[in-house]
Amino acid sequence: MTSYRLQGRGRVDHGKPVNFTFDGKTYQGLAGDTLASALLANGVHLMGRSFKYHRPRGVVSAGSDEPNALMGTRRGPGRFEPNTRATIQEIREGLEAASQNRWPSLAFDMGAINDNLGSLFSAGFYYKTFMWPRAFWDRVYEPVIRNAAGLGVSPTEPDADSYASRFAHVDVLVVGAGPAGLAAALAAGRSGASVMLVDENAEVGGTLLSEPTVVIDGQPAWDWLAATVAELDGLANVQVMPRTTAIGYYHQNLVGLAQRLTDHLAAPPEGAPRERMWKVRAKEVVLAQGALEKPLVFDGNDRPGVMLASAAQTYLNRYGVKVGDRPAIVTAHDSAWHAAFDLAGAGAKPVVIVDMRASVDPALTDRAHALGIEALLGRTVTGTAGRLRVTSLRVNRMEGGKAGEPRDIGCDAVLMCGGWTPCLHLFSHTQGKLAWDEALQVYLPGRKTEAVQIAGAGRGLWSIAASLGDGANAGAAAARDVGLEAEAPAFGVAADRKPDVLGRHVVLEVDEGLGLGRVAVGQERRFTMKRYVKYCYTTLYSKCASGSRPTAGIVTASIHGPVSGAGSRMRHRQAPVRRQAGAVQSASARGCPARSEVRPSVGRSSACCRPSRSRSRCMGHHGRRLPPRTSFLNWPTEYDIGVMTSMSKIESLRGEVGLCQRSTTWRSGLGSRPRPSAGFSTAMRRSADPPGTRSSARSPSWDMFPPRPLAPCGRTAPAWSA
């Protein structure tokens with residue numbers, strides 16, 4: 001074991017070593033490790049390359065919101081999967097993992113030359129360059145683009161695994177098994193209601209797994225967790241399902257679940273299915289999905305070794321792994337201070353805590369000084385140094401709203417925290433409205449359209465005590481709504497680390513190296529709607545990290561001003577979950593139009609509407625196994641997951657914007673008026689530009705595209721299907 005593995009610490013089994021390979025080199029982890037924690041325990045921070053610039057990438061989070069550590073995994077013929085998140089892949093004996101998007105090796109990647117040529121790839125580069133000359137598309141542009149696109153390579157061998165599906169009807173479905181979810185399941189289960197509790201992780205507990213110092217009802221957090229799980233397992237009316245991801249929330253409380261059954265086993269039983277697709281109809285749903293920690297924006301915040309503070313705390317307390325010996329903490333929130341204290345107590349020596357706020361709780365600074373950690377308040381971070389791993393941090397004092405003289409601080413890891421944002425992905429699937437909370441500076445659930453309760457951090461309640469109480473109330477309310485008598489249990493919590501209200505800081509996705517400059521370029525080109533800026537001048541919501549980072553408010557604020565004024569209609573994108581491999585249903589079997597019937601009428605400039613060739617790469621389908629010839633349009637094909645999934649998404653999207661087109665939308669030259677591109681059908685161009693007129697100075701309204709007749713399956717077809 002290396003110096004980064006702490007003996008006797010964490011919830012891993014130190015008596016069961018597990019061997020696996022990464023890029024052909026053998027490493028050793030422990031039973032209970034994820035691929036990410038095992039690599040960090042061996043001192044490996046470089047795990048991938050960025051999509052466009054091929055910049056070195058390391059792990060950022062410890063869960064399914066990971067944007068960088070995407071790998072190809074294999075366990076035999078026909079069992080290869082690209083774009084697997086290392087943070088959720090449990091290691092098993094003989095696991096083979098490989099990095100992606102690099103050549104000839106991860107440490108020396110020829111594609112990194114793009115990083116030095118970044119000035120040539122300006123915002124909107126693709127949408128203007130590949131339009132002319134037109135004859136270049138088939139023989140020059142398209143082959144080059146398809147060869148460079150994507151991350152992992154699609155599997156070419158037949159899938160050797162089998163898959164299963166099952167229906168279920170329950171009184172209460174609880175999604176998320178953190179403090180709020182456990183309390184909700186307890187309250188509903190004790191009332192006699194049939195309860196299903198699901199969580200995407202291998203072990204239930206949520207934030208309790210990373211907070212062992214909290215005391216609940218007089219017991220340490222892990223002891224209370226064990227007793228609670230034992231009680232739930234002892235109730236015949238309660239079913240606890242770890243390794244189960246809620247992938248969709250549909251009408252009338254139908255929830256799709258994907259359960260991983262054998263991915264964590266070195267030798268699966270003969271004939272055992274790899275995954276099971278659940279279609280659960282619940283009378284009441286409780287969403288206890290927690291919150292996501294926001295990163296901070298500064299130059300070089302994508303280097304290996306720069307990660308979220310909560311992730312470092314999880315790797316330490318849950319997996320017994322130090323992410324560095326001399327970490328630096330950069331924060332605008334109290335929770336990162338506690339992560340620094342945990343690292344100091346485990347033998348690491350945090351060199352500095354840089355807080356962007358001018359003042360914090362004196363108890364935090366006093367404890368930092370007692371532990372020998374330098375605390376710098378009212379500072380900002382303007383950059384990092386290091387190539388394959390961060391080596392130093394540049395800190396500046398804020399003077400009159402401007403950065404003062406810089407100071408370089410040596411470190412081997414940077415832990416950042418910009419506050420927290422509630423996970424409302426499934427709630428948004430139901431077209432529930434989000435409401436901006438000015439005090440918390442986050443979106444909270446507003447008007448509901450289904451029989452659903454939101455509990456815990458999903459409602460902006462950050463502390464464990466508040467989450468337990470809110471979850472118990474939600475579970476009891478759900479049980480009463482189905483006609484049962486229920487009481488919310490009370491919990492006594494001590495040593496709770498109640499975080500402070502977060503500050504106002506801009507956060508962007510890191511997987512594409514995206515900065516605010518690209519949003520500004522879109523504004524300069526007179527693209528004044530959120531969706532136009534997204535399509536033409538940024539890569540927001542693209543690839544495997546779609547929806548995993550909270551970016552809606554930034555685009556809204558940048559274009560429209562205060563978030564509270566214009567962001568109330570902004571919705572979260574799809575939940576950052578790993579697409580499941582085999583729980584599928586054919587679109588043709590359920591009567592939906594075949595692909596040839598719905599293929600859009602487009603010009604040659606729209607590369608996204610053609611099936612991928614056999615050698616093309618996966619276009620970031622969240623780690624889903626893609627056969628060689630599939631399209632990356634979100635239109636129902638025989639590989640789509642679940643019943644009504646794609647049709648519901650398309651109907652919802654069309655109701656919002658009037659069109660489902662994932663490729664080029666509008667193009668505009670310098671100083672020219674926005675005009676429809678060749679990616680639109682003739683009918684659309686006629687709708688946008690009436691005969692004898694030109695496009696108006698503003699972009700055409702999506703309301704110009706009326707609904708089309710019903711498709712064969714009985715659902716409204718998109719405008720471009722005719």
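Just so you know, these numbers come straight off a predicted model, no measurement behind them.
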**Message:** Strictly below 4.0 Å, N to O, side chains only: are D33 and R5 in salt-bridge contact?
**Reply:** yes

**Request:** Start with the C-alpha distance between Q289 and I454, add both sets of side-chain angles, then the distance that settles side chain to side chain contact (heavy atoms under 4.5 Å, CB included), and finish with yes or no.
**Result:** CA-CA 9 Å; Q289 298 172 271; I454 298 93; over 6 Å; no

**Message:** Donor-acceptor pair, distance only, cut-off 3.5 Å: does the side chain of D199 make one with the backbone of A177?
**Reply:** yes

**Message:** Students often mix this up, so state it plainly: with edges at 30° and 60°, are the rings of H338 and F341 parallel, tilted or perpendicular?
**Reply:** perpendicular

**Prompt:** Do NZ/NE/NH1/NH2 and the carboxylate oxygens of E374 and R407 come within less than 4.0 Å?
**Reply:** yes

**Request:** Assess whether side-chain hydrogen bond (donor to acceptor under 3.5 Å, both in side chains) is satisfied between T331 and D355, documenting all intermediate values.
**Result:** CA-CA 5 Å; T331 183; D355 201 309; 4.8 Å; no

**Donor + acceptor pair across side chains of N83, Q100 (<3.5 Å)** = yes

**Message:** Under a plain distance cut-off of 3.5 Å, with no hydrogens placed, do S335 and W462 share a side-chain donor-acceptor pair?
**Reply:** no

**Request:** Provide the closest heavy-atom pair for D470 versus A455 in the form atom of the first, atom of the second, distance.
**Result:** OD2-CA, 3.2 Å

**Asked** Going by distance alone, is a donor N or O of one side chain under 3.5 Å from an acceptor N or O of the other, for E293 and S310?
**Response** yes

**Request:** Ignoring hydrogens and angles, tell me if any N or O in the side chain of N42 forms a donor-acceptor pair with the backbone of A38 under 3.5 Å.
**Result:** yes

**Request:** Determine, step by step, whether L376 and I409 satisfy the side chain to side chain contact (heavy atoms under 4.5 Å, CB included) criterion, reporting the C-alpha distance in whole Å, the side-chain angles of both residues, the deciding distance to 0.1 Å, and the verdict.
**Result:** CA-CA 12 Å; L376 302 177; I409 301 175; 4.2 Å; yes

**Prompt:** Are any of the side-chain nitrogens in R55 or D302 under 4.0 Å away from the carboxylate oxygens of its partner?
**Reply:** yes

**Criterion side-chain hydrogen bond (donor to acceptor under 3.5 Å, both in side chains) on E90 and T34, from CA distance to verdict** = CA-CA 4 Å; E90 299 171 68; T34 63; over 6 Å; no

**Asked** Taking the side chain from D109 and the backbone from R102, do they hold a donor-acceptor pair closer than 3.5 Å?
**Response** no

**Request:** Could you give me the CA-CA distance, side-chain angles and deciding distance for W420 and V442, then say whether side chain to side chain contact (heavy atoms under 4.5 Å, CB included) is met?
**Result:** CA-CA 8 Å; W420 299 80; V442 296; over 6 Å; no

**Request:** Determine which pairs satisfy side-chain hydrogen bond (donor to acceptor under 3.5 Å, both in side chains) with at least one residue from residues 360-370, sequence neighbours left out, and list them in order.
**Result:** none

**Message:** Working note: N396 + E405, criterion side-chain hydrogen bond (donor to acceptor under 3.5 Å, both in side chains); need CA distance, chi angles, decisive distance, verdict.
**Reply:** CA-CA 6 Å; N396 300 67; E405 289 296 320; over 6 Å; no

**Asked** Could K322 and D342 be called an ion pair, given the rule that one side-chain N must be under 4.0 Å from one carboxylate O?
**Response** no

**Prompt:** Counting only heavy atoms not in M398, do more than 12 fall under 6.0 Å of its CE?
**Reply:** yes

**Ring geometry between Y27 and F22 (parallel below 30°, tilted from 30 to 60°, perpendicular above 60°)** = tilted

**Prompt:** About how many Å separate CE of M47 and CG of N68, when rounded to the nearest 0.5 Å?
**Reply:** 10.0 Å

**Message:** Within the structure provided, determine whether L388 and P304 are in side-chain contact (heavy-atom separation under 4.5 Å).
**Reply:** no

**Message:** Under a plain distance cut-off of 3.5 Å, with no hydrogens placed, do T207 and S210 share a side-chain donor-acceptor pair?
**Reply:** no

**Message:** Which residues pass the side chain to side chain contact (heavy atoms under 4.5 Å, CB included) test with R389, not counting sequence neighbours?
**Reply:** Y4, H45, D412

**Asked** Which residues pass the side-chain hydrogen bond (donor to acceptor under 3.5 Å, both in side chains) test with R11, sequence neighbours left out?
**Response** E203

**Request:** Would you confirm whether T87, through its side chain, and G63, through its main-chain N or O, come within 3.5 Å as a donor-acceptor pair?
**Result:** yes

